[in-house]
Number of protein chains: 2
Amino acid sequence: MGEQVFNITELAQEFDITTRAIRFYEDQGLLEPERAGQRRIYNRRDRVRLMLILRGKRIGLSLQEIRELFALYDAAHDDAPQLQEFIRILERKELQLLTQMEDIKVVLTEIGQLRGQCEKALGKRANGHNQVKEL
Amino acid sequence: MGEQVFNITELAQEFDITTRAIRFYEDQGLLEPERAGQRRIYNRRDRVRLMLILRGKRIGLSLQEIRELFALYDAAHDDAPQLQEFIRILERKELQLLTQMEDIKVVLTEIGQLRGQCEKALGKRANGHNQVKEL
DNA sequence: GTTGACGTTGACGTAAACGTCAAGTTATCG
DNA sequence: CGATAACTTGACGTTTACGTCAACGTCAAC
(Lines give C-alpha, C1' and ligand atoms only; values in the text may rest on other atoms or scores of the structure.)
Protein backbone atom coordinates (compact mmCIF):
# COMPACT_ATOMS: atom_id res chain seq x y z
CA MET A 1 0.00 0.00 0.00
CA GLY A 2 2.97 2.32 -0.45
CA GLU A 3 2.16 5.61 -2.06
CA GLN A 4 1.91 5.59 -5.79
CA VAL A 5 5.07 6.89 -7.44
CA PHE A 6 6.27 7.65 -10.93
CA ASN A 7 9.57 7.95 -12.69
CA ILE A 8 10.54 10.74 -14.98
CA THR A 9 9.69 9.07 -18.26
CA GLU A 10 6.27 8.06 -17.07
CA LEU A 11 5.44 11.64 -16.25
CA ALA A 12 6.97 12.85 -19.47
CA GLN A 13 4.81 10.49 -21.47
CA GLU A 14 1.67 11.16 -19.50
CA PHE A 15 1.92 14.90 -20.02
CA ASP A 16 3.55 14.77 -23.44
CA ILE A 17 6.62 16.73 -22.50
CA THR A 18 10.30 15.79 -22.47
CA THR A 19 12.30 14.58 -19.50
CA ARG A 20 14.52 17.54 -20.16
CA ALA A 21 11.64 19.86 -19.45
CA ILE A 22 10.84 18.12 -16.19
CA ARG A 23 14.44 18.35 -15.01
CA PHE A 24 14.45 21.96 -16.04
CA TYR A 25 11.43 22.67 -13.86
CA GLU A 26 13.35 21.10 -11.01
CA ASP A 27 16.35 23.32 -11.73
CA GLN A 28 14.00 26.26 -11.51
CA GLY A 29 12.80 25.18 -8.10
CA LEU A 30 9.34 24.09 -9.22
CA LEU A 31 9.71 20.43 -8.33
CA GLU A 32 11.66 18.57 -5.65
CA PRO A 33 11.22 14.87 -6.17
CA GLU A 34 12.72 12.28 -3.85
CA ARG A 35 15.73 10.35 -4.96
CA ALA A 36 16.53 6.67 -5.00
CA GLY A 37 20.24 6.95 -5.38
CA GLN A 38 20.42 9.50 -8.11
CA ARG A 39 17.17 8.60 -9.80
CA ARG A 40 14.22 10.87 -9.36
CA ILE A 41 11.04 9.53 -7.83
CA TYR A 42 7.82 11.49 -8.11
CA ASN A 43 4.84 11.04 -5.83
CA ARG A 44 1.28 12.17 -6.40
CA ARG A 45 1.97 15.58 -4.95
CA ASP A 46 4.82 16.10 -7.41
CA ARG A 47 2.51 15.02 -10.18
CA VAL A 48 -0.08 17.57 -9.12
CA ARG A 49 2.58 20.24 -9.07
CA LEU A 50 3.58 19.31 -12.57
CA MET A 51 -0.01 19.60 -13.69
CA LEU A 52 -0.21 23.03 -12.10
CA ILE A 53 2.98 24.07 -13.83
CA LEU A 54 1.65 23.03 -17.20
CA ARG A 55 -1.68 24.69 -16.66
CA GLY A 56 0.08 27.82 -15.51
CA LYS A 57 2.07 27.81 -18.71
CA ARG A 58 -1.03 27.33 -20.80
CA ILE A 59 -2.58 30.45 -19.33
CA GLY A 60 0.56 32.42 -20.03
CA LEU A 61 2.42 32.41 -16.73
CA SER A 62 6.20 32.31 -16.82
CA LEU A 63 8.00 29.68 -14.81
CA GLN A 64 9.16 32.41 -12.49
CA GLU A 65 5.62 33.55 -11.84
CA ILE A 66 4.57 29.98 -11.19
CA ARG A 67 7.42 29.58 -8.75
CA GLU A 68 6.47 32.78 -6.97
CA LEU A 69 2.92 31.59 -6.61
CA PHE A 70 4.08 28.25 -5.24
CA ALA A 71 6.45 29.91 -2.82
CA LEU A 72 3.91 32.42 -1.63
CA TYR A 73 1.28 29.78 -1.23
CA ASP A 74 3.66 27.67 0.82
CA ALA A 75 4.73 30.57 3.00
CA ALA A 76 1.36 32.21 3.20
CA HIS A 77 -0.23 29.97 5.78
CA ASP A 78 1.57 31.42 8.74
CA ASP A 79 2.58 34.92 7.80
CA ALA A 80 0.07 37.73 7.56
CA PRO A 81 2.09 40.15 5.41
CA GLN A 82 2.80 37.34 3.04
CA LEU A 83 -0.89 36.62 2.90
CA GLN A 84 -1.62 40.21 1.97
CA GLU A 85 1.01 40.05 -0.74
CA PHE A 86 -0.40 36.78 -1.94
CA ILE A 87 -3.86 38.29 -2.20
CA ARG A 88 -2.51 41.22 -4.17
CA ILE A 89 -0.80 38.93 -6.63
CA LEU A 90 -3.91 36.84 -6.98
CA GLU A 91 -6.02 39.89 -7.68
CA ARG A 92 -3.61 41.15 -10.29
CA LYS A 93 -3.59 37.76 -11.91
CA GLU A 94 -7.33 37.62 -11.78
CA LEU A 95 -7.62 40.88 -13.68
CA GLN A 96 -5.13 39.69 -16.26
CA LEU A 97 -7.01 36.47 -16.70
CA LEU A 98 -10.30 38.24 -17.11
CA THR A 99 -8.77 40.42 -19.81
CA GLN A 100 -7.38 37.33 -21.42
CA MET A 101 -10.77 35.68 -21.39
CA GLU A 102 -12.28 38.73 -23.00
CA ASP A 103 -9.63 38.62 -25.71
CA ILE A 104 -10.31 34.99 -26.29
CA LYS A 105 -14.03 35.55 -26.54
CA VAL A 106 -13.49 38.29 -29.10
CA VAL A 107 -11.18 36.11 -31.13
CA LEU A 108 -13.56 33.18 -30.95
CA THR A 109 -16.34 35.38 -32.26
CA GLU A 110 -14.16 36.61 -35.07
CA ILE A 111 -13.10 33.10 -35.89
CA GLY A 112 -16.71 32.10 -36.15
CA GLN A 113 -17.45 34.98 -38.49
CA LEU A 114 -14.40 34.34 -40.62
CA ARG A 115 -15.24 30.70 -40.95
CA GLY A 116 -18.74 31.60 -41.95
CA GLN A 117 -17.42 33.90 -44.65
CA CYS A 118 -15.00 31.28 -45.88
CA GLU A 119 -17.63 28.63 -46.10
CA LYS A 120 -19.97 30.96 -47.90
CA ALA A 121 -17.19 31.79 -50.34
CA LEU A 122 -16.73 28.10 -50.91
CA GLY A 123 -20.37 27.73 -51.80
CA LYS A 124 -21.05 25.64 -48.76
CA ARG A 125 -24.25 25.81 -46.89
CA ALA A 126 -23.95 27.37 -43.50
CA ASN A 127 -26.31 24.62 -42.46
CA GLY A 128 -27.07 25.77 -39.01
CA HIS A 129 -24.21 24.33 -37.07
CA ASN A 130 -20.74 23.82 -38.37
CA GLN A 131 -19.30 20.62 -37.16
CA VAL A 132 -15.77 21.44 -36.15
CA LYS A 133 -14.15 18.40 -37.70
CA GLU A 134 -15.63 17.50 -41.00
CA LEU A 135 -12.59 17.93 -43.18
CA MET B 1 -10.49 65.29 -44.94
CA GLY B 2 -7.16 63.52 -45.28
CA GLU B 3 -7.11 60.17 -43.61
CA GLN B 4 -6.06 60.17 -40.01
CA VAL B 5 -2.46 59.10 -39.59
CA PHE B 6 -0.06 58.43 -36.74
CA ASN B 7 3.65 58.32 -36.24
CA ILE B 8 5.52 55.59 -34.47
CA THR B 9 5.78 57.20 -31.07
CA GLU B 10 2.10 58.01 -30.98
CA LEU B 11 1.24 54.39 -31.54
CA ALA B 12 3.88 53.27 -29.07
CA GLN B 13 2.40 55.50 -26.40
CA GLU B 14 -1.18 54.62 -27.17
CA PHE B 15 -0.53 50.90 -26.85
CA ASP B 16 2.17 51.16 -24.23
CA ILE B 17 4.84 49.38 -26.21
CA THR B 18 8.21 50.56 -27.48
CA THR B 19 8.97 51.88 -30.92
CA ARG B 20 11.48 49.09 -31.14
CA ALA B 21 8.67 46.58 -30.86
CA ILE B 22 6.68 48.26 -33.62
CA ARG B 23 9.64 48.26 -35.96
CA PHE B 24 10.25 44.67 -35.07
CA TYR B 25 6.71 43.77 -36.09
CA GLU B 26 7.41 45.44 -39.40
CA ASP B 27 10.62 43.44 -39.80
CA GLN B 28 8.53 40.35 -39.27
CA GLY B 29 6.15 41.34 -42.03
CA LEU B 30 3.25 42.21 -39.77
CA LEU B 31 3.05 45.89 -40.65
CA GLU B 32 3.83 47.87 -43.80
CA PRO B 33 3.35 51.53 -43.06
CA GLU B 34 3.78 54.20 -45.68
CA ARG B 35 6.85 56.35 -45.66
CA ALA B 36 7.38 60.06 -45.81
CA GLY B 37 11.01 60.03 -46.73
CA GLN B 38 12.26 57.44 -44.33
CA ARG B 39 9.80 58.15 -41.57
CA ARG B 40 7.01 55.70 -41.02
CA ILE B 41 3.43 56.86 -41.32
CA TYR B 42 0.65 54.69 -39.99
CA ASN B 43 -2.97 54.94 -41.10
CA ARG B 44 -6.03 53.59 -39.35
CA ARG B 45 -5.68 50.22 -41.04
CA ASP B 46 -2.12 49.89 -39.72
CA ARG B 47 -3.39 50.83 -36.31
CA VAL B 48 -6.03 48.12 -36.45
CA ARG B 49 -3.38 45.63 -37.49
CA LEU B 50 -1.29 46.62 -34.53
CA MET B 51 -4.25 46.11 -32.23
CA LEU B 52 -4.78 42.68 -33.74
CA ILE B 53 -1.13 41.84 -33.25
CA LEU B 54 -1.27 42.79 -29.60
CA ARG B 55 -4.48 40.95 -29.00
CA GLY B 56 -3.02 37.93 -30.73
CA LYS B 57 -0.06 38.07 -28.43
CA ARG B 58 -2.26 38.36 -25.39
CA ILE B 59 -4.03 35.16 -26.29
CA GLY B 60 -0.73 33.39 -26.76
CA LEU B 61 -0.16 33.50 -30.51
CA SER B 62 3.40 33.81 -31.76
CA LEU B 63 4.25 36.56 -34.19
CA GLN B 64 4.69 33.92 -36.84
CA GLU B 65 1.22 32.56 -36.25
CA ILE B 66 -0.18 36.06 -36.42
CA ARG B 67 1.62 36.66 -39.67
CA GLU B 68 0.30 33.40 -41.08
CA LEU B 69 -3.22 34.36 -40.16
CA PHE B 70 -2.81 37.78 -41.78
CA ALA B 71 -1.33 36.26 -44.91
CA LEU B 72 -3.97 33.59 -45.18
CA TYR B 73 -6.72 36.06 -44.59
CA ASP B 74 -5.37 38.32 -47.30
CA ALA B 75 -4.96 35.50 -49.76
CA ALA B 76 -8.05 33.62 -48.77
CA HIS B 77 -10.56 35.74 -50.60
CA ASP B 78 -9.80 34.38 -54.02
CA ASP B 79 -8.30 30.96 -53.53
CA ALA B 80 -10.35 27.99 -52.47
CA PRO B 81 -7.54 25.74 -51.17
CA GLN B 82 -6.26 28.66 -49.16
CA LEU B 83 -9.72 29.09 -47.74
CA GLN B 84 -9.79 25.46 -46.67
CA GLU B 85 -6.41 25.85 -45.04
CA PHE B 86 -7.56 29.01 -43.36
CA ILE B 87 -10.58 27.25 -41.95
CA ARG B 88 -8.42 24.45 -40.63
CA ILE B 89 -6.13 26.88 -38.87
CA LEU B 90 -9.06 28.74 -37.43
CA GLU B 91 -10.58 25.55 -36.10
CA ARG B 92 -7.33 24.46 -34.51
CA LYS B 93 -7.00 27.85 -32.89
CA GLU B 94 -10.58 27.70 -31.75
CA LEU B 95 -9.98 24.44 -29.95
CA GLN B 96 -6.83 25.80 -28.35
CA LEU B 97 -8.64 28.88 -27.22
CA LEU B 98 -11.48 26.88 -25.73
CA THR B 99 -8.95 24.85 -23.75
CA GLN B 100 -7.30 28.05 -22.68
CA MET B 101 -10.60 29.47 -21.50
CA GLU B 102 -11.24 26.34 -19.50
CA ASP B 103 -7.81 26.66 -17.90
CA ILE B 104 -8.49 30.25 -17.07
CA LYS B 105 -11.84 29.46 -15.53
CA VAL B 106 -10.25 26.81 -13.36
CA VAL B 107 -7.53 29.16 -12.23
CA LEU B 108 -10.02 31.93 -11.53
CA THR B 109 -12.01 29.57 -9.38
CA GLU B 110 -8.90 28.54 -7.50
CA ILE B 111 -7.88 32.13 -7.07
CA GLY B 112 -11.24 32.87 -5.56
CA GLN B 113 -10.91 30.00 -3.13
CA LEU B 114 -7.36 30.91 -2.19
CA ARG B 115 -8.31 34.48 -1.56
CA GLY B 116 -11.17 33.33 0.57
CA GLN B 117 -8.83 31.19 2.65
CA CYS B 118 -6.33 33.99 2.98
CA GLU B 119 -8.92 36.45 4.12
CA LYS B 120 -10.28 33.98 6.58
CA ALA B 121 -6.78 33.41 7.91
CA LEU B 122 -6.43 37.15 8.32
CA GLY B 123 -9.64 37.29 10.30
CA LYS B 124 -11.20 39.57 7.75
CA ARG B 125 -14.81 39.36 6.91
CA ALA B 126 -15.55 38.74 3.28
CA ASN B 127 -17.45 42.00 3.39
CA GLY B 128 -18.18 42.15 -0.27
CA HIS B 129 -16.00 45.12 -1.07
CA ASN B 130 -13.61 43.17 -3.20
CA GLN B 131 -15.68 41.32 -5.68
CA VAL B 132 -13.24 42.09 -8.41
CA LYS B 133 -15.62 41.10 -11.11
CA GLU B 134 -18.42 38.71 -11.65
CA LEU B 135 -18.55 36.05 -14.27
C1' DG C 1 31.30 -9.69 -17.69
C1' DT C 2 29.31 -7.04 -20.94
C1' DT C 3 25.48 -5.39 -23.22
C1' DG C 4 21.63 -2.44 -23.41
C1' DA C 5 18.01 0.33 -21.51
C1' DC C 6 17.36 3.95 -18.71
C1' DG C 7 18.90 7.67 -15.91
C1' DT C 8 22.17 11.29 -14.42
C1' DT C 9 24.83 15.84 -14.54
C1' DG C 10 26.98 19.54 -16.90
C1' DA C 11 27.87 22.35 -20.96
C1' DC C 12 26.63 24.43 -24.85
C1' DG C 13 23.16 25.65 -28.58
C1' DT C 14 18.78 27.77 -30.11
C1' DA C 15 14.44 30.40 -31.28
C1' DA C 16 11.42 34.16 -30.10
C1' DA C 17 10.84 38.80 -28.91
C1' DC C 18 12.49 42.28 -28.12
C1' DG C 19 16.37 45.81 -25.51
C1' DT C 20 20.29 48.55 -26.20
C1' DC C 21 23.63 50.99 -28.14
C1' DA C 22 25.93 53.43 -32.27
C1' DA C 23 25.92 56.34 -35.94
C1' DG C 24 23.71 58.72 -39.28
C1' DT C 25 19.30 61.60 -41.23
C1' DT C 26 15.52 64.89 -41.08
C1' DA C 27 12.54 68.45 -39.16
C1' DT C 28 11.96 72.37 -36.35
C1' DC C 29 12.87 76.24 -33.57
C1' DG C 30 15.17 80.40 -32.49
C1' DC D 1 22.95 78.91 -39.42
C1' DG D 2 23.42 75.73 -35.40
C1' DA D 3 21.25 73.15 -31.82
C1' DT D 4 18.03 69.97 -30.47
C1' DA D 5 14.61 66.50 -30.80
C1' DA D 6 12.76 62.80 -33.20
C1' DC D 7 13.49 59.29 -36.38
C1' DT D 8 16.17 55.93 -39.03
C1' DT D 9 18.95 51.52 -39.89
C1' DG D 10 22.08 48.00 -38.51
C1' DA D 11 24.37 45.20 -35.12
C1' DC D 12 24.83 42.99 -31.12
C1' DG D 13 23.05 41.66 -26.34
C1' DT D 14 19.46 39.45 -23.34
C1' DT D 15 15.94 36.48 -21.34
C1' DT D 16 13.05 32.38 -21.33
C1' DA D 17 12.40 27.68 -21.99
C1' DC D 18 13.96 24.37 -23.29
C1' DG D 19 16.96 20.98 -27.15
C1' DT D 20 21.11 18.52 -27.87
C1' DC D 21 25.05 16.34 -27.19
C1' DA D 22 28.82 14.17 -24.18
C1' DA D 23 30.30 11.38 -20.69
C1' DC D 24 29.28 8.74 -17.04
C1' DG D 25 26.39 5.65 -13.43
C1' DT D 26 23.34 1.49 -12.61
C1' DC D 27 20.84 -2.36 -12.86
C1' DA D 28 18.70 -6.44 -14.89
C1' DA D 29 19.39 -9.80 -18.56
C1' DC D 30 22.00 -12.70 -21.32
Side-chain angles (χ1 to χ4, degrees), chain A residues 4-43 46-47 49-71 89 93 96 100 103, chain B residues 2 5-43 46-47 49-71 89 93 96 100 103:
Chain A
Q4 188 184 3
V5 294
F6 316 85
N7 69 15
I8 195 167
T9 36
E10 285 168 357
L11 288 185
Q13 285 170 4
E14 175 174 1
F15 294 109
D16 196 28
I17 56 181
T18 64
T19 58
R20 178 69 182 88
I22 295 178
R23 290 195 202 94
F24 183 71
Y25 298 151
E26 185 175 341
D27 278 356
Q28 302 303 304
L30 297 175
L31 292 171
E32 303 182 54
E34 308 272 306
R35 298 289 179 125
Q38 58 174 1
R39 308 254 168 133
R40 293 164 172 83
I41 301 200
Y42 301 86
N43 59 26
D46 296 320
R47 187 168 162 280
R49 280 235 166 181
L50 183 51
M51 290 197 303
L52 292 176
I53 293 169
L54 297 177
R55 192 165 62 204
K57 280 173 54 68
R58 283 201 301 273
I59 67 173
L61 300 184
S62 70
L63 296 184
Q64 168 158 341
E65 289 175 310
I66 294 170
R67 183 181 50 209
E68 284 170 15
L69 284 178
F70 281 173
I89 293 187
K93 268 318 164 198
Q96 276 182 34
Q100 222 174 315
D103 286 333
Chain B
V5 295
F6 316 85
N7 68 16
I8 194 167
T9 36
E10 285 168 357
L11 289 185
Q13 285 170 5
E14 175 174 0
F15 294 110
D16 196 29
I17 56 181
T18 64
T19 59
R20 178 70 183 87
I22 296 178
R23 289 194 202 97
F24 182 71
Y25 299 152
E26 185 175 341
D27 277 357
Q28 303 302 304
L30 297 175
L31 292 172
E32 301 182 56
E34 309 271 306
R35 298 290 179 124
Q38 59 174 2
R39 307 249 169 138
R40 293 165 172 83
I41 301 201
Y42 301 86
N43 58 27
D46 296 320
R47 186 168 162 280
R49 279 234 167 183
L50 183 52
M51 289 197 303
L52 291 176
I53 293 168
L54 297 177
R55 191 165 61 203
K57 280 172 56 66
R58 282 201 302 274
I59 67 172
L61 301 183
S62 71
L63 295 185
Q64 167 157 342
E65 290 175 310
I66 295 169
R67 183 181 50 209
E68 284 169 14
L69 284 178
F70 281 173
I89 293 188
K93 268 319 163 198
Q96 274 183 35
Q100 223 174 314
D103 286 332

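What you see is a predicted model; the values in this text were computed from it and never measured. Convention: sequence-line order gives letters A, B, ...; per-chain numbering from 1.
- For the atom pair Leu54(B) CG and Arg49(B) CZ, the distance stands at 13.5 Å (nearest 0.5 Å).
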Between the protein and nucleotides 23-26 of chain C, which nitrogen or oxygen pairs come in under 3.5 angstrom?
unit_1, atom_1, unit_2, atom_2, d
dT26(C), O2, Arg39(B), NH2, 3.0

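- Atom P of nucleotide dC18(C) and atom CG of Leu31(B) are separated by 12 Å, given to the nearest angstrom.
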Any chance you could list the contact pattern along nucleotides 10-22 of chain D? Use B for base contacts, S for sugar-phosphate-only contacts and - for none, protein heavy atoms under 4.0 Å, 5' to 3'. -B----SBBBB--
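- Taking atom CZ on Arg35(B) and atom C1' on dA27(C), their separation rounds to 17 Å, with Å as the unit.
- Every residue was checked against the salt bridge (charged side-chain N to carboxylate O under 4.0 Å, His left out) condition with Asp46(B), not counting sequence neighbours, and none meets it.
- At least one side-chain heavy atom of Ile17(A) sits less than 4.5 Å from a side-chain heavy atom of Leu50(A).
- Evaluation of the salt bridge (charged side-chain N to carboxylate O under 4.0 Å, His left out) test over residues 7-23 of chain A, restricted to residues two or more places apart or in two chains, returns Glu14(A)-Arg47(A).
- An OP1 or OP2 oxygen of dA6(D) is reached within less than 4.0 angstrom by no side-chain nitrogen or oxygen of Asn7(B).
- Protein atom OH of Tyr42(A) is 11 Å distant from nucleotide atom C1' of dG7(C), rounded to whole Å.
- Atom CG of Leu11(A) and atom OH of Tyr25(A) lie 12.0 Å apart (nearest 0.5 Å).
- Between the CD atom of Glu10(A) and the C1' atom of dG7(C) there is a distance of 13 Å, rounded to whole Å.
- Arg67(A) contributes a side-chain N or O that, together with a main-chain N or O of Gln28(A), makes up a donor-acceptor pair within less than 3.5 Å.
- Of the inter-residue distances, the one linking Phe6(B) atom CZ with Ile22(B) atom CD1 reads 11.5 Å to the nearest 0.5 angstrom.
- Looking at heavy-atom distances under 4.0 Å, Arg23(B) makes contact with a base.
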Annotated structure of DNA chain D as dot-bracket, pair cut-off 3.5 Å, Watson-Crick or G-U only, | for inter-strand, is ||||||||||||||||||||||||||||||
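- For the atom pair CG (Asp103(B)) and NZ (Lys57(A)), the distance works out to 12.5 Å, reported to the nearest 0.5 Å.
- Identified under the side-chain hydrogen bond (donor to acceptor under 3.5 Å, both in side chains) test for residues 31-42 of chain B, with sequence neighbours left out: Glu26(B)-Arg35(B), Glu26(B)-Arg40(B).
- Glu34(B) places its CD atom 18 Å from the P atom of dC7(D), with the value rounded to the nearest Å.
- If you take CZ on Phe70(A) and CG on Leu31(A), they are separated by 7.5 Å, rounding to the nearest 0.5 Å.
- When the P atom of dA17(C) is taken as reference, atom CG of Asp27(B) falls 13 Å away, rounded to whole Å.
- A distance of 11.5 Å separates CG in Leu61(B) from CD1 in Ile53(B), rounded to the nearest 0.5 Å.
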